[in-house]
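As a basis for the values below, the full set of heavy atoms in this structure was taken, side chains included, without hydrogen atoms, waters or symmetry mates. Please read all numbers here as calculations on a predicted model, not as lab measurements.
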Amino acid sequence: MDPISAGFNTKSFTLKLIKGPWFMMFASFLIMSMAGIPYMFGLYSGTIKSVLGYDQTTLNFISFFKDVGTTVGVLAGLINEVTPPWSILAMGALLNFFGYFMIWLSVSEKIPTHVWLMCLYICVGANATTFANTGALVTCVKNYPQRRGVVIGILKGYMGLSGAIVTQLYHAIYGKDEKSLILLLGWLPAVISFIFLPTVRRMKVEHEEDELRVFYRFLYISLGLAGFLMLMIILQQKFSFGRGEYGGSAAVVTFLLLLPIAVVVAQEFKAWRRLNKPPVVENGLSYTPGTPALKNTTPMALLPKKPKETEPESSTKIQWWKNVFSPPERGEDWTILQALFSVDMFLLFLATACGVGGTLTAIDNLGQIGQSQDYPKKSISTFVSLVSIWNYLGRVMAGFLSEHLLIKYRFPRTSMLTIVLLLSCIAHLLIAFNPSGGLYIASVLTGFCYGAQWPLLFAIVSEVFGLKYYATLYNFGSVASPVGLYLLNVNVAGYLYDKEAKKQLAATGRIRKTGEELICNGTVCFKLSFVIITAVSLFGALVSLVLVMRTRKFYKSDIYRRFREAEEAEKAEKAEKEDGGGFINGGDIVEDSKQGIRQ
């Protein structure tokens with residue numbers, strides 16, 4: 001028997017497993033797979049509208065507060081600066097349950113409600129998403145700073161799949177009761193966050209040689225999950241599924257959600273074997289085979305000691321308000337105010353407001369768009385699921401592809417953001433002019449473009465402004481979404497829809513009753529709205545192009561060099577402490593070391 005396997009201790013390995021960084025990534029996948037439930041608003045918005053008798057402008061107003069809650073996470077970011085991630089996740093779980101539980105009570109007519117209360121409930125419930133993002137995603141990015149594009153892409157990808165995942169679970173548990181869907185949205189994400197409270201935390205991660213390969217394995221599993229969900233969407237469109245069929249689908253979804261744990265166990269066991277290899281003694285010197293980056297190294301005892309740099313006592317700190325407009329170089333750690341008052345942040349904010357505001361307006365109105373263009377209810381459910389799947393693909397593709405292009409070709413992420421904004425214009429034009437089957441293609445493009453913008457935005461923020469205050473700056477970047485959404489959804493799409501609906505009602509000669517739902521039919525309901533949104537998105541692409549020009553020199557440099565240097569310095573210091581000023585492990589230096597000693 002292998003001596004290492006013979007000495008295997010299940011308890012110690014299990015403890016190492018659940019305390020390790022890869023299990024933390026697995027926990028973050030599950031948390032983020034429930035963090036995108038605000039995007040399911042299109043599935044139950046019709047119930048809110050019909051039960052409570054709201055018109056489209058009122059529904060869009062409620063939707064606006066949902067998106068304010070989803071994206072305004074500055075509070076979560078500031079709290080994260082002074083508290084551990086588990087407290088952020090706990091707060092998010094409580095907010096999520098309270099918000100959606102109160103909406104369920106209101107729609108079930110168990111308690112009286114008003115428009116302002118519905119706005120409050122949905123804002124609070126949706127704001128839990130920012131706490132999940134800050135607690136899980138920001139922590140993972142800080143643990144893996146050299147893989148930030150990949151980490152953001154895959155975590156945001158799981159978030160993008162939330163709608164399709166929860167839809168399968170909802171049909172399996174509650175059938176087709178839309179009111180019960182709201183209840184499910186309240187308790188399920190809260191339970192998962194509470195389970196993994198101790199797991200998600202900041203830790204020093206020793207980067208492994210096959211680290212990127214592990215992330216790609218996670219990606220392949222998530223692609224399998226997305227592919228299965230896509231297959232279920234197609235089958236559910238063609239056939240009528242009952243509770244049993246939905247139960248089988250939900251079981252497979254759950255299995256695929258838990259499958260990354262197999263990768264985690266394999267990777268941790270590999271690391272455990274490497275650490276527990278018996279030392280090899282050669283010529284009186286012991287070293288551990290297989291330890292990384294040990295070739296062509298000089299014995300630490302023979303290296304001259306580098307004196308530690310100390311600041312002169314006479315140096316004085318500059319007051320924070322005096323350096324607001326004197327930021328460091330791009331890529332260094334900017335203060336919060338330096339970043340907020342910078343031209344780069346303004347351009348990024350404006351481009352995001354135009355791009356995300358437009359695509360999110362389309363997502364929030366998918367139900368009404370499909371209804372006005374005479375699509376059946378089953379097709380409208382398909383549109384929501386398609387947006388969720390392609391939202392995922394946009395996120396992972398933007399994360400992984402932009403990382404690959406950046407490292408290999410120094411292709412700026414800002415350029416990819418510009419391309420995505422231009423692509424979204426096609427989706428808006430398809431909605432505006434409604435060619436045959438155009439809404440299916442528009443759902444795919446809208447989901448993809450909406451999803452792709454987020455990992456690009458968050459990676460750009462981390463790269464340009466540094467990671468020191470990333471939790472706050474990450475959430476500030478999200479504020480652009482409700483700003484654009486309010487202007488485009490409430491003041492443009494909602495207003496023009498109601499205007500056309502009232503015109504159609506007046507043409508029938510009928511007087512609208514109090515509390516009666518306003519319904520508009522035909523392409524004309526959203527045509528002008530999405531022509532305007534197309535123009536706004538095009539303007540956002542031009543703004544993004546200005547940012548490309550400003551950051552071109554920065555992205556042509558090696559932006560991750562300082563992280564590699566810091567890691568190498570830390571490894572060298574650790575090796576010196578372990579060897580007590582002796583020799584670094586490694587077979588290739590033994591002879592040189594003996595010669596040095598003889599001399």
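L473 places a side-chain heavy atom less than 4.5 Å from the side chain of L340. R413 has its side chain within reach of Y555: a pair of non-hydrogen atoms, C-beta onward, lies under 4.5 Å apart. Looking at heavy atoms from C-beta onward, P328 lies in side-chain contact with Q338 at the 4.5 angstrom threshold. Taking the side chain as every heavy atom from C-beta outward, K19 and M24 never approach each other to under 4.5 Å. P145 places a side-chain heavy atom less than 4.5 Å from the side chain of L467. For the pair M159/L137, no side-chain contact is recorded, criterion being any heavy-atom separation below 4.5 Å from C-beta on.
What you find for V200 and S28 is that their closest heavy atoms are CG2-OG, 4.1 Å. The two residues P455 and A398 have their closest heavy-atom pair at CG-CB, 3.8 Å.
The environment of W454 atom CH2 is dense: over 12 non-hydrogen atoms of other residues, nucleotides or ligands sit within 6.0 angstrom. Counting heavy atoms of neighbouring residues, nucleotides and ligands inside a 6.0 Å radius, atom NZ of K16 exceeds 12 of them. No more than 12 heavy atoms of other residues, nucleotides or ligands shown are found within 6.0 angstrom of OH on Y469. Taking a 6.0 Å sphere around CE of M397, one finds it holds 12 or fewer heavy atoms contributed by other residues, nucleotides or ligands.
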Worksheet entry | From CA spacing to verdict: side-chain hydrogen bond (donor to acceptor under 3.5 Å, both in side chains), N133, K156 | CA-CA 9 Å; N133 271 283; K156 280 292 184 180; 2.9 Å; yes
Worksheet item: side-chain contact (heavy atoms from CB on, under 4.5 Å) between S481 and T352: does it pass, once the steps are laid out?
Response: CA-CA 7 Å; S481 175; T352 305; 5.6 Å; no
Practice prompt. Kindly indicate, with the supporting measurements, whether the criterion side-chain contact (heavy atoms from CB on, under 4.5 Å) is fulfilled by N96 and I37.
Written response: CA-CA 10 Å; N96 186 88; I37 57 174; 3.4 Å; yes
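Here the rule is side-chain contact (heavy atoms from CB on, under 4.5 Å) with L78, and of T134, N475, T472 only T472 fits it. Of the candidates T414, I460, V464, D344 forms a side-chain contact (heavy atoms from CB on, under 4.5 Å) with just one, namely V464.
Between F349 and F476, a ring centre-to-centre spacing shorter than 6.0 Å is recorded. Aromatic rings from F23 and F26 are positioned such that their centres are separated by under 6.0 Å. The distance between the ring centers of Y170 and Y246 does not fall below 6.0 angstrom. Here the two rings, on Y470 and W334, have centers that are 6.0 Å apart or farther. Aromatic rings from Y392 and Y158 are positioned such that their centres are separated by 6.0 Å or more.
To the nearest 0.5 Å, the span separating CE on M40 from OG1 on T167 amounts to 3.5 Å.
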Show me the donor-acceptor pairs within less than 3.5 Å that the side chains of residues 185-199 make with the rest of the protein, sequence neighbours left out.
from : atom 1 : to   : atom 2 : distance (Å)
W187 : NE1    : Y174 : OH     : 3.3
S193 : OG     : P189 : O      : 3.3

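Ring geometry, Y474 versus F458: the interplanar angle falls from 30° to 60°, so the pair is classed tilted.
Between the D333 side chain and the K468 main chain, a donor and an acceptor come within less than 3.5 Å of each other. Judged by distance alone, with hydrogens and angles left aside, the side-chain atoms of R395 form no donor-acceptor pair with the main-chain N or O of G157 at under 3.5 Å. S162 places a side-chain N or O within 3.5 Å of a backbone atom of G36 that can act as its donor or acceptor partner.
Under 4.0 Å is where a charged nitrogen must lie from a carboxylate oxygen, and between E211 and R147 at least one such pair does. Between R330 and E463 no salt bridge is recorded (no basic side-chain N to carboxylate O distance below 4.0 Å).
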